[in-house]
Amino acid sequence: MKLLPSLAAGFAGAVVLTAIHETVRHLRPEDAPRMDVLGMRGLRKLLGKADLPQPNNDTLFGMTMAGDILSNGLYYTLVGSGRHSLRRGLLLGVAAGVGGVLLPGPLGLGEAPSNRTPQTQAMTVAWYTAGGLVAGAVAQALRKRR
């Protein structure tokens, strides 16, 4: 695995994923997944357990967006730079989307942000899958340039 192409692909997928989330949550507030809310809840929990001060909502949102891009970018970096990066991107995306639907409740973050309606669940899986496919496609494109 080549590190720089893998990082570039992973962060491309993460940026696309975040752009989709942020765009659609403004267009469809009634059922769009709110992974930003899950991220802010998680960050507040972590800061509380560490006895650190709680930031205001604007700062918290910015920290959450940065954390989302960083963590999703590193996750999508797993697509690698090899022949099967598109397939790996698909599988990683589906796994992340299913996890985004199933895990928030058991983690104590609430279920509504990603599990409110069947449409919310489908969008959650679809958007993470899209991010994985973008990461895989960028990895393939970078591989062909070498």
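Of the possible donor and acceptor atoms, one in the side chain of T18 sits under 3.5 Å from a partner among the backbone N and O of A14. Looking only at distances, a side-chain donor or acceptor of R116 sits under 3.5 Å from a matching main-chain atom of A32.
Residues A19 and T23 come closest through the heavy atom pair O-OG1, 2.8 Å. In plain terms, the two heavy atoms of L38 and G110 that are nearest each other are CD2-O, 3.8 Å. When every heavy atom of P113 is checked against every heavy atom of R41, the shortest pair comes out as CG-NH1, 3.6 Å. For the residue pair P53 and L47, the shortest heavy atom distance occurs at O-CD1, 4.0 Å. The minimum heavy-atom distance between L43 and T64, with the atom names listed, is CD2-OG1, 4.1 Å. Between T124 and M35, the shortest heavy-atom distance links the atoms CG2-CE, 4.3 Å.
Checked options S85, S6, P5; the residue passing with L142 is P5 (criterion: side-chain contact (heavy atoms from CB on, under 4.5 Å)).
Both L3 and L70 sit in one connected hydrophobic cluster of ILVMFWY residues. Membership requires side-chain heavy atoms under 4.5 Å apart, directly or through other members. Under the 4.5 Å side-chain contact rule for hydrophobic residues, V37 and L109 do not share a cluster. Hydrophobic cluster membership differs between L17 and V98, with clusters built from Ile, Leu, Val, Met, Phe, Trp and Tyr side chains linked at under 4.5 angstrom. Placement of M65 and M40 within a single hydrophobic cluster is found when ILVMFWY residues are connected by side-chain heavy-atom separations under 4.5 Å, directly or transitively. There is no path of hydrophobic side-chain contacts, each under 4.5 Å, that joins V94 to V138.
Annotation: the span from K2 atom NZ to R143 atom CZ amounts to 11.0 Å, rounded to 0.5 Å. The CG atom of L78 sits 5.5 Å away from atom CG of L92, with the distance rounded to the nearest 0.5 Å.
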For Q54 and L60, what are the C-alpha separation, side-chain angles and deciding distance, and is it a side chain to side chain contact (heavy atoms under 4.5 Å, CB included)? CA-CA 8 Å; Q54 295 288 329; L60 183 67; 5.5 Å; no
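Counting heavy atoms from C-beta on, the side chains of Q119 and M123 come closer than 4.5 Å. Proximity of N115 to T120: side-chain heavy atoms (C-beta onward) are nowhere separated by under 4.5 Å. Using a 4.5 Å cut-off on side-chain heavy atoms (C-beta onward), E111 and P104 make no contact. When side chains are defined from C-beta on, E22 counts as touching D36, because their heavy atoms get closer than 4.5 Å.
Within the structure, every pair that satisfies the ring-ring contact (aromatic ring centres under 6.0 Å, His included) test and touches residues 7-53, not counting sequence neighbours, is listed here: H21-W127, H21-Y128. Sequence neighbours left out, not one pair with a member in residues 72-122 passes ring-ring contact (aromatic ring centres under 6.0 Å, His included).
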